[in-house]
Visitor: 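The structure is given below, and queries will be raised subsequently.
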Amino acid sequence: MIAAEKLRELTIDQLVKKEQDLRKELFNLRYQHATHQLENTSKISSVRRDIARVLTVLREKKTEEAGEQ
């Protein structure tokens with residue numbers, strides 16, 4: 001699980017990269033689940049929540065940036 005405080009320290013580019021990495025991980029977890037190779041299925045939910053956290057912080061940063069201009 002990724003803490004939102006840690007995510008707020010990252011730049012927008014780093015957050016976009018983090019989102020891409022998490023989406024790849026989610027794809028791999030879903031593939032493993034479909035082929036019955038995944039033992040800890042709760043990992044899928046955890047990664048989905050991490051993606052949501054990243055998107056939330058990313059939206060906050062973009063809103064702040066738009067408000068400053």
Side-chain angles (χ1 to χ4, degrees):
M1 183 172 92
I2 303 170
E5 293 82 28
K6 299 278 185 190
L7 292 174
R8 286 187 177 97
E9 296 172 1
L10 301 177
T11 64
I12 291 177
D13 292 335
Q14 291 171 328
L15 287 169
V16 171
K17 175 69 172 139
K18 187 74 164 171
E19 179 195 357
Q20 291 172 350
D21 293 342
L22 287 169
R23 287 192 186 274
K24 287 178 187 176
E25 182 180 354
L26 181 60
F27 175 81
N28 290 330
L29 289 171
R30 285 181 173 163
Y31 183 80
Q32 290 175 6
H33 182 63
T35 59
H36 303 288
Q37 296 176 353
L38 185 63
E39 294 179 14
N40 184 6
T41 56
S42 66
K43 182 75 174 154
I44 293 173
S45 299
S46 176
V47 172
R48 288 182 66 217
R49 288 187 183 107
D50 287 342
I51 291 171
R53 277 188 202 93
V54 169
L55 291 174
T56 300
V57 173
L58 188 59
R59 185 167 308 174
E60 287 174 1
K61 286 192 175 272
K62 287 184 178 180
T63 303
E64 287 175 7
E65 186 177 280
E68 291 175 0
Q69 294 177 354

Visitor: Taking E65 first and then K61, would you say they form a salt bridge - that is, a charged N and a carboxylate O separated by under 4.0 Å?
Guide: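 Looking at K61 together with E65, the answer is no, because their closest N to O distance does not fall below 4.0 Å.
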Visitor: Check this for me: does any side-chain nitrogen of one of K17 and D13 sit under 4.0 Å from a carboxylate oxygen of the other?
Guide: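 Answer for the salt bridge query: no.
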Visitor: Taking the side chain as C-beta and beyond, is there a heavy-atom pair between L38 and I44 under 4.5 Å?
Guide: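 Yes, side chains in contact.
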Visitor: Per the salt bridge (Lys or Arg N to Asp or Glu O under 4.0 Å) rule, what does the pair list look like for residues 38-52, sequence neighbours excluded?
Guide: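 Found E25-K43, D50-R53.
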Visitor: In the single-linkage hydrophobic clustering (I, L, V, M, F, W, Y; side-chain heavy atoms under 4.5 Å), do L26 and Y31 co-cluster?
Guide: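 No.
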Visitor: Nearest 0.5 Å please: distance from the CZ atom of R8 over to the CG atom of L15.
Guide: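 CG of L15 is found 10.5 Å from CZ of R8.
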Visitor: Taking all non-hydrogen atoms of both residues into account, name the closest pair between L22 and V47 and its distance.
Guide: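 Of all heavy-atom pairs spanning L22 and V47, the closest is O-CG1, 3.5 Å.
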Visitor: I'd like to know if L29 and F27 are part of one continuous hydrophobic network [Ile/Leu/Val/Met/Phe/Trp/Tyr, side-chain heavy atoms within less than 4.5 Å].
Guide: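 F27 and L29: separate clusters.
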Visitor: Mind checking the CG-CD spacing from L58 to Q14? Nearest 0.5 Å is all I need.
Guide: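 So the gap between those two atoms works out to 12.0 Å.
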Visitor: Assigning hydrophobic clusters by single linkage (Ile, Leu, Val, Met, Phe, Trp, Tyr; side-chain heavy-atom cutoff under 4.5 Å), is I51 placed with I12?
Guide: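 Yes, one cluster joins them.
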